[in-house]
> 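I am attaching a structure below and will ask some questions about it afterwards.
Reckoned from all heavy atoms, side chains included, excluding hydrogens, waters and symmetry mates. Convention: sequence-line order gives letters A, B, ...; per-chain numbering from 1.
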Amino acid sequence: MDQQTWVAVASVISAGLTIGLGSIGSALGEGRALAQALSSIAQQPDEAATITRTLFVGMAMVESTAIYCFVVSMILIFANPFWNQMTSQ
Amino acid sequence: MDQQTWVAVASVISAGLTIGLGSIGSALGEGRALAQALSSIAQQPDEAATITRTLFVGMAMVESTAIYCFVVSMILIFANPFWNQMTSQ
Amino acid sequence: MDQQTWVAVASVISAGLTIGLGSIGSALGEGRALAQALSSIAQQPDEAATITRTLFVGMAMVESTAIYCFVVSMILIFANPFWNQMTSQ
């Protein structure tokens with residue numbers, strides 16, 4: 001197993017764990033917010049528009065943490081500077 | 001497996017775990033705050049503007065902890081001084 | 001794997017885990033405080049100004065724990081005395 005292979009193996013494993021771990025919190029947080037939104041709409045149907053708007057703007061912020069993980073995964077797979085350095089030797 | 005490879009493997013794995021772990025707490029915290037905000041809007045629709053403003057300013061602070069992790073991940077991938085030192089030898 | 005490499009590998013992994021783990025508690029704590037603040041504003045809208053002020057001063061203190069981790073990560077990456085000692089030999 002030569003040097004390139006080690007970097008490739010580490011990159012593949014790390015890319016998977018990154019988005020795998022990173023999506024846990026994001027999904028749970030969004031699910032909780034969404035559950036509360038539905039409960040709140042049932043409690044105050046007149047405020048459904050305000051609640052829905054706040055929900056989606058807020059979920060976009062929670063989603064951003066998952067997007068950070070996704071970006072790092074993509075970088076590790078497609079724009080990995082360590083791998084580029086190894087293969088250019 | 002030479003020295004460069006060890007540093008590359010460590011950097012790749014560490015960059016992935018950093019943002020992977022770091023986004024868990026941030027997403028859960030934001031999700032909880034968002035859920036409570038929606039509940040509060042349903043309870044006091046008249047205060048929706050104040051609640052929404054406080055929510056988003058607060059979420060920006062929670063988001064900052066995820067951004068710290070993202071910054072460290074990017075530094076480990078693209079501006080790693082140990083890697084630069086190794087490759088310049 | 002020589003001495004420099006061991007120090008570099010340990011520094012990289014430690015820097016990532018430091019901010020990755022350190023931001024979890026901080027983000028969860030801030031999310032919890034923010035959620036309670038929004039609940040309190042809905043309960044006592046007249047005290048919204050006091051609640052908001054207390055919230056942000058308190059969140060700054062919670063944020064400080066994440067900043068400590070961020071500082072330690074930065075020091076391990078960019079001002080690591082062990083690494084400097086190794087490379088100056």
Side-chain angles (χ1 to χ4, degrees), chain A residues 1-4 6-7 9-11 13-37 39-44 46-47 50-51 53-55 57-59 61-66 68-69 71-73 75-76 79-83 85-86, chain B residues 1-45 48-49 51-52 55-56 59-60 62-63 65-67 69-70 73-74 76-80 83 86-87:
Chain A
M1 192 155 156
D2 66 353
Q3 304 163 23
Q4 277 190 19
W6 273 104
V7 174
V9 166
S11 298
I13 291 176
S14 182
L17 283 180
T18 301
I19 185 68
L21 287 172
S23 67
I24 293 175
S26 186
L28 287 174
E30 285 180 23
R32 176 168 181 160
L34 182 55
Q36 188 62 57
S39 171
S40 298
I41 288 172
Q43 196 184 330
Q44 285 278 7
D46 296 342
E47 293 298 315
T50 306
I51 290 169
R53 197 178 59 235
T54 307
L55 172 69
V57 176
M59 279 177 87
M61 288 196 70
V62 180
E63 187 79 18
S64 70
T65 65
Y68 294 156
C69 294
V71 167
V72 171
S73 280
I75 289 171
L76 289 178
N80 194 321
F82 307 106
W83 176 251
Q85 172 77 14
M86 291 284 173
Chain B
M1 189 156 158
D2 67 353
Q3 305 163 24
Q4 276 190 22
T5 317
W6 273 105
V7 174
V9 165
S11 298
V12 163
I13 291 176
S14 181
L17 284 180
T18 301
I19 184 67
L21 288 172
S23 68
I24 293 175
S26 185
L28 287 175
E30 286 180 23
R32 176 168 183 159
L34 181 55
Q36 188 62 57
L38 298 170
S39 171
S40 299
I41 288 172
Q43 197 184 330
Q44 284 279 6
I51 290 168
T52 308
L55 171 69
F56 287 117
M59 279 176 86
V62 180
E63 187 81 16
T65 64
I67 291 172
C69 293
F70 188 63
S73 280
M74 289 294 104
L76 289 178
I77 295 175
F78 291 115
N80 194 320
W83 175 252
M86 291 284 173
T87 53

> Let me confirm one number: the OH-CD1 distance from A:Tyr68 to B:Ile19, rounded to the nearest 0.5 Å.
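If we round to the nearest 0.5 Å, A:Tyr68:OH and B:Ile19:CD1 are 7.5 Å apart.
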
> Can you see which heavy atom on A:Val7 is nearest to which on B:Ala8, and at what distance?
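Heavy atoms only, the tightest pair is CG2-CB, 3.9 Å.
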
> Hey, are the side chains of B:Gln36 and A:Gln36 touching, using non-hydrogen atoms and a 4.5 Å cut-off?
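Result no, sub-4.5 Å side-chain heavy-atom pair not found.
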
> Side chain from CB out, backbone as N, CA, C, O: work out which of these in B:Ser39 comes under 4.5 Å of a heavy atom of chain A, or both, or neither.
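Looking at B:Ser39, backbone and side chain both touch chain A.
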
> Closer than 3.5 angstrom, by distance alone: can the side chain of A:Ser14 be matched with the main-chain N or O of B:Val12 as a donor-acceptor pair?
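Between the backbone of B:Val12 and the side chain of A:Ser14 there is a qualifying donor-acceptor contact (under 3.5 Å).
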
> Work out which heavy atom in B:Ser23 is nearest to a heavy atom in A:Cys69; give both atom names and the distance.
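Where B:Ser23 meets A:Cys69 most closely, the heavy atoms are OG-SG, 3.3 Å.
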
> In terms of heavy-atom proximity below 4.5 Å to chain A, should B:Ile51 be classed as side chain, backbone, both, or neither?
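Neither part; nothing is under 4.5 Å.
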
> Please state whether the side chain, the backbone, both or neither of A:Ser11 comes within less than 4.5 Å of a heavy atom of chain B.
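Contact with chain B is through both the backbone and side chain of A:Ser11.
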
> Can you tell which part of A:Met86 gets under 4.5 Å to a heavy atom of chain B, answering side chain, backbone, both or neither?
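Contact with chain B involves the side chain of A:Met86 alone.
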
> Is A:Val71 close to chain B through its backbone or its side chain, or both, or neither, when contacts mean heavy atoms under 4.5 Å?
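The answer is the side chain of A:Val71.
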
> Grab the two heavy atoms, one from A:Leu21 and one from B:Leu21, that are nearest each other, plus how far apart they are.
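In terms of heavy atoms, the two residues are closest at CD1-CD2, 4.4 Å.
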
> Mind checking ring-ring contact (aromatic ring centres under 6.0 Å, His included) for B:Trp83 and listing every partner two or more places apart, or none if nothing turns up?
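A:Phe82.
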
> Can you tell me which portion of A:Asp46 sits under 4.5 Å from chain B's heavy atoms? Options are side chain, backbone, both or neither.
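Interface part for A:Asp46: neither.
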
> Considering only heavy atoms, which portion of A:Ile75 lies under 4.5 Å from any heavy atom of chain B: side chain, backbone, both, or neither?
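Side chain only.
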
> Heavy atoms, side chains only, cut-off 4.5 Å: are B:Met74 and A:Val72 in contact?
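In short, these two side chains touch, coming nearer than 4.5 Å.
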
> Would you name the heavy atoms of B:Val9 and A:Ala10 that are closest together and state the gap between them?
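Result for this residue pair: CG1-CB, 3.7 Å.
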
> Determine the option with the most heavy-atom pairs under 4.5 angstrom with chain B, choosing from A:Gly20, A:Gly29, A:Gly16, A:Ser40.
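Looking at each of A:Gly20, A:Gly29, A:Gly16, A:Ser40 in turn, A:Ser40 comes out on top.
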
> The test is side-chain contact (heavy atoms from CB on, under 4.5 Å); show your working for B:Ile41 and A:Gln44 and say whether it passes.
CA-CA 9 Å; B:Ile41 288 172; A:Gln44 285 278 7; over 6 Å; no

> Do A:Leu76 and B:Ile77 come within less than 4.5 Å of each other through their side chains, counting heavy atoms only?
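They are in side-chain contact.
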
> What residue in A:Gln85, A:Met61, A:Met59 has the most heavy-atom pairs under 4.5 Å with chain B?
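Between A:Gln85, A:Met61, A:Met59, the count favours A:Met61.
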
> Could I get the full list of side chain to side chain contact (heavy atoms under 4.5 Å, CB included) partners for A:Ala66, not counting sequence neighbours?
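Partners of A:Ala66 under the side chain to side chain contact (heavy atoms under 4.5 Å, CB included) test: A:Ser26.
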
> Does a donor on one side chain sit under 3.5 Å from an acceptor on the other, for A:Ser64 and B:Glu63?
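Per modelled atom types, A:Ser64 and B:Glu63 side chains form a pair under 3.5 Å.
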
> If you take all heavy atoms of A:Thr54 and B:Phe56, which pair is closest and at what distance?
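That would be O-CZ, 4.2 Å.
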
